[in-house]
Amino acid sequence: MTSPVLPFTEANSKRVASLFRQALRTAFDTSLKFDAYRDKTIEIRRAFDANKHISDAEELDEVFRKGEAKLKEWKHPDPYIPASRPGGTKYQRNIPVARGPLVPGPW
């Protein structure tokens, strides 16, 4: 369990930004069409804007816990991975050619 983060601090801003990015990625993984994704991002932004006034550290920590639980609940079992990133379909597809002899032995 993390210690409560005081509101309006840099640590709080980083935690909010991280949670927001995770929510957007999760929304991208679960929606197949851009229109649906865009609608979901607007809903996510509204939810974050509705809670930006919170100044009580305990209430803020509770909102973070609920948000992280919701992210865990909505996590997609097969998330989208960009093709050239590790785990993607094109990652290390074109491996450089070996410079040594391909077949060992005196040729």
Side-chain angles (χ1 to χ4, degrees):
M1 183 174 156
T2 60
S3 61
V5 177
L6 297 175
F8 313 117
T9 62
E10 185 177 349
N12 180 37
S13 298
K14 288 181 180 182
R15 192 171 176 191
V16 170
S18 174
L19 193 63
F20 186 70
R21 280 192 307 271
Q22 289 175 23
L24 292 180
R25 284 189 201 117
T26 302
F28 184 76
D29 291 339
T30 57
S31 60
L32 299 174
K33 297 185 178 182
F34 183 76
D35 297 343
Y37 170 68
R38 180 69 180 142
D39 292 340
K40 196 67 174 169
T41 59
I42 291 170
E43 286 178 31
I44 292 168
R45 180 61 191 239
R46 283 190 188 132
F48 274 79
D49 284 341
N51 292 320
K52 71 180 180 182
H53 69 281
I54 297 174
S55 59
D56 180 32
E58 292 176 11
E59 185 180 356
L60 185 65
D61 203 38
E62 181 64 26
V63 169
F64 277 128
R65 270 192 253 121
K66 285 181 182 178
E68 289 166 354
K70 188 177 268 192
L71 274 178
K72 195 177 280 188
E73 175 188 337
W74 284 91
K75 185 173 173 70
H76 197 276
D78 188 21
Y80 173 76
I81 301 172
S84 58
R85 299 294 298 229
T89 56
K90 285 182 155 180
Y91 182 66
Q92 289 188 342
R93 180 176 284 181
N94 298 324
I95 299 174
V97 178
R99 297 291 178 208
L102 297 177
V103 179
W107 297 97

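What you see is a predicted model; the values in this text were computed from it and never measured.
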Please set out all donor-acceptor pairs under 3.5 angstrom arising from side-chain atoms of residues 24-36, sequence neighbours excluded.
{"residue": "Thr26", "atom": "OG1", "partner": "Gln22", "partner atom": "O", "Å": "2.8"}
{"residue": "Asp29", "atom": "OD1", "partner": "Tyr80", "partner atom": "N", "Å": "3.0"}
{"residue": "Thr30", "atom": "OG1", "partner": "Thr26", "partner atom": "O", "Å": "3.2"}
{"residue": "Thr30", "atom": "OG1", "partner": "Ala27", "partner atom": "O", "Å": "3.1"}
{"residue": "Ser31", "atom": "OG", "partner": "Ala27", "partner atom": "O", "Å": "2.9"}

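In this structure, the side chain to side chain contact (heavy atoms under 4.5 Å, CB included) partners of Asn51, at least two apart in sequence or on a different chain, are Ile54, Val63. Asp78 is linked by a salt bridge (charged side-chain N to carboxylate O under 4.0 Å, His left out) to nothing, counting only residues two or more places apart in sequence or in another chain. Under the side chain to side chain contact (heavy atoms under 4.5 Å, CB included) criterion, Lys90 pairs with Ala83, Arg93, sequence neighbours left out. Residues forming a salt bridge (charged side-chain N to carboxylate O under 4.0 Å, His left out) with Glu73 (at least two apart in sequence, or on another chain): none.
For residues 39-48, the pairs satisfying salt bridge (Lys or Arg N to Asp or Glu O under 4.0 Å) are Lys40-Glu43, Arg45-Asp49, with sequence neighbours left out.
The residues Glu62 and Arg65 are annotated as salt-bridged, a charged nitrogen and a carboxylate oxygen being separated by less than 4.0 angstrom.
One hydrophobic cluster, built from ILVMFWY side chains closer than 4.5 Å, holds both Leu71 and Tyr37.
Distance alone, capped at 3.5 Å, places no donor-acceptor pair between the Ser18 side chain and the Arg15 backbone.
Using a 4.5 Å heavy-atom cutoff, the side chains of Lys14 and Glu10 are in contact.
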